[in-house]
Amino acid sequence: MTGTRDGAIERAEKYFDDGGFLAELQRRVAIPTTSQEQDSMPALQQYVSGEMTESLEKLGYDCTVLPNPRTEYGPFLIARRVEDSTKPTVLTYGHGDVIRGQEEQWRQGLSPWKIVVEGDRMYGRGTADNKGQHAVNLSALEAVLAERGGRLGFNLKLVLETCEERGSVGLRDFVAGHTDLLKADVLIGSDGPRVMPDVPTIATGTRGTFHFDLVVDLRPGGVHSGHWGGLTTDPAIVLTYALGAIMDRNGKILVRDWLPRNGLPASVRSVLHGCEVGGGGEAASIDPDWGEPGLTAAEKIYGWNSFIVLAMVSGRPENPVNAVAPNARAHCQIRYTVDTDPATFAPALRKHLDAEGYANVRIENAGIRMPASRTDPADPWVRWTTASMERTLGRHVQVIPNSSGGLPGDVFVDHLDTALIWVPHSYNGCKQHGPDEHLLIAPAREGIAAFAGIWWDLGEK
Ligand SMILES: [Zn+2]
């Protein structure tokens with residue numbers, strides 16, 4: 001039995017159209033793998049040792065579930081299908097954990113743990129981030145295996161983690177400790193959004209995340225707002241002005257040392273030329289006047305750094321008292337590309353705040369949560385994958401130098417020296433970290449076809 005490329009793609013599309021994919025994803029979405037919640041360990045175990053091991057063993061994979069080097073965090077699954085060590089070896093990645101369900105906030109008729117198909121969407125927690133995305137790629141693999149008569153023609157290894165939503169704790173040590181098992185020529189995986197819902201996308205890296213607290217702590221407790229208001233310094237006001245010194249009212253970062261010293265690299269500017277961004281539906285709007293002046297929307301999120309206040313508080317907004325609060329605190333984030341060194345962020349901020357007269361604003365808990373990573377968009381593996389996808393889908397594939405979100409690609413670059421090829425199947429409006437998370441059906445269907453093509457072509461390589 002020989003089979004054909006078109007045959008593999010047709011099989012994958014048929015599996016999707018006939019409900020096979022939906023049934024498989026439903027089983028996985030039903031497992032509440034909410035890694036940020038205390039009692040989630042049995043569900044995380046069930047996902048890797050039960051559901052995924054059973055599915056992959058049927059396809060001839062050797063599956064091993066191993067504990068996290070940090071024992072209080074979720075386990076890893078390694079699945080390997082090595083046919084011929086002289087053939088290319090691909091590593092693929094996924095994460096089985098999801099953020100909390102937020103059951104009570106979902107729209108009427110929807111639920112995080114049961115998929116509801118409505119129009120062009122499949123609703124459910126993890127449909128976009130990341131269960132739906134790795135299910136797409138593995139379903140395509142099954143189609144290629146069937147079409148080639150039980151053979152792939154290359155070697156595939158999968159690493160599935162269960163604490164990505166907690167910052168991939170333990171992944172670096174885990175990969176470093178299993179480089180022989182995981183060694184590969186390239187990483188091809190899926191997570192995150194396309195640049196636009198209908199534009200097939202390849203991201204060759206991700207932005208990193210750097211977090212810190214800004215703290216104004218002036219006295220041991222609140223003091224009467226009548227006796228002291230107007231006489232003593234208000235920490236909320238100081239914090240607000242300090243934030244204003246970091247970013248102007250139009251979203252331009254004023255700590256210029258946080259930004260790529262030589263502006264946008266030429267290779268990044270060129271690959272992003274003409275790249276459109278958007279299609280987020282009702283999730284949010286792009287405000288053209290927000291952010292770094294002179295950059296396009298694509299350059300702002302794929303080529304530049306952003307500063308975001310994730311949370312801030314002074315006193316107790318839910319239960320105010322007549323007092324000048326003792327302190328104010330903001331938890332902040334920088335999303336950064338490989339063109340800046342995160343080790344300079346905290347010192348640069350300290351210098352900036354001091355120069356602006358905010359010596360009483362402290363920086364606490366500063367550190368990298370997820371490092372940035374990037375493979376050169378001109379890398380041969382990027383060109384090869386782009387060509388394969390364009391052949392399958394019959395249209396332009398947009399390459400971006402890094403995804404706007406975070407993924408632990410740095411770990412694979414550092415320890416396995418692989419090129420990074422991320423092929424996202426979702427879109428900006430998927431609400432992956434809120435209620436009503438969903439996967440768009442059309443990009444998912446294209447994803448399964450595109451991966452059937454990629455997996456088929458790898459066997460011919
Ligand atoms: Zn996520």
Side-chain angles (χ1 to χ4, degrees), residues 25 28-29 31-37 40 43-44 47-48 52 68 73-74 76-77 92-103 105-106 112-113 115 121-137 159-172 187 189-195 201 203 205-211 280-281 283-284 301-302 306 308 310-311 331 333 335 368-373 400 402-412 420 422-440 443-444 447:
L25 187 55
R28 297 177 187 172
V29 164
I31 306 170
T33 51
T34 53
S35 58
Q36 294 159 339
E37 289 180 319
S40 61
L44 300 177
Y47 193 79
V48 288
M52 293 308 294
N68 196 306
Y73 293 88
F76 293 89
L77 168 66
T92 189
Y93 160 91
H95 67 89
D97 63 321
V98 296
I99 74 144
R100 52 191 103 240
Q102 302 173 312
E103 282 85 342
Q105 296 174 49
W106 288 55
W113 314 121
I115 296 182
R121 301 172 173 194
M122 285 183 191
Y123 286 93
R125 176 63 79 226
T127 50
D129 182 17
N130 166 269
K131 292 172 177 174
Q133 302 221 22
H134 59 257
V136 161
N137 299 356
V159 61
L160 196 70
E161 68 160 317
T162 58
C163 58
E164 195 269 352
E165 302 295 0
R166 299 179 74 181
S168 293
V169 178
L171 179 68
R172 178 170 286 275
L187 180 131
S190 296
D191 199 30
R194 290 174 161 197
V195 296
T201 303
T206 51
R207 292 199 294 182
T209 54
F210 183 92
H211 287 229
I301 61 166
Y302 303 130
S306 350
I308 310 98
L310 301 186
H331 187 78
Q333 181 183 56
R335 295 260 177 187
I368 301 168
R369 294 286 175 91
M370 208 173 254
S373 54
I400 52 178
N402 37 247
S403 173
S404 44
L407 271 172
D410 58 295
V411 170
F412 304 108
L420 298 176
W422 299 109
V423 184
H425 301 313
S426 187
Y427 80 121
N428 286 331
C430 71
K431 302 189 176 175
Q432 65 189 85
H433 283 182
D436 303 350
E437 176 178 350
H438 57 275
L439 182 67
L440 284 186

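Whatever order the structure lists them in is the order used to number ligands and atoms, beginning at 1.
- A donor atom on one side chain and an acceptor atom on the other are found under 3.5 Å apart for Trp113 and Glu103.
- With sequence neighbours excluded, the residues forming a side-chain contact (heavy atoms from CB on, under 4.5 Å) with Leu44 are Thr33, Ser35, Ser40, Met41, Pro75, Asp97, Thr162, listed by chain and number.
- Proximity of the aromatic rings of Tyr47 and His95 is defined here by a centroid distance below 6.0 angstrom, and this criterion is not met.
- At a cut-off of 2.8 Å, measuring from the Zn ion (ligand 1), the protein N, O or S atoms that fall short of it are Asp129 OD2, Glu165 OE1, Glu165 OE2, His433 NE2, waters left aside.
- Partners of Tyr302 under the ring pair (Phe, Tyr, Trp, His ring centres under 6.0 Å) rule, at least two apart in sequence or in another chain, do not exist in this structure.
- No side-chain donor-acceptor contact under 3.5 Å links Arg125 and Thr34.
- Residues forming a ring pair (Phe, Tyr, Trp, His ring centres under 6.0 Å) with Tyr73 (at least two apart in sequence, or on another chain): none.
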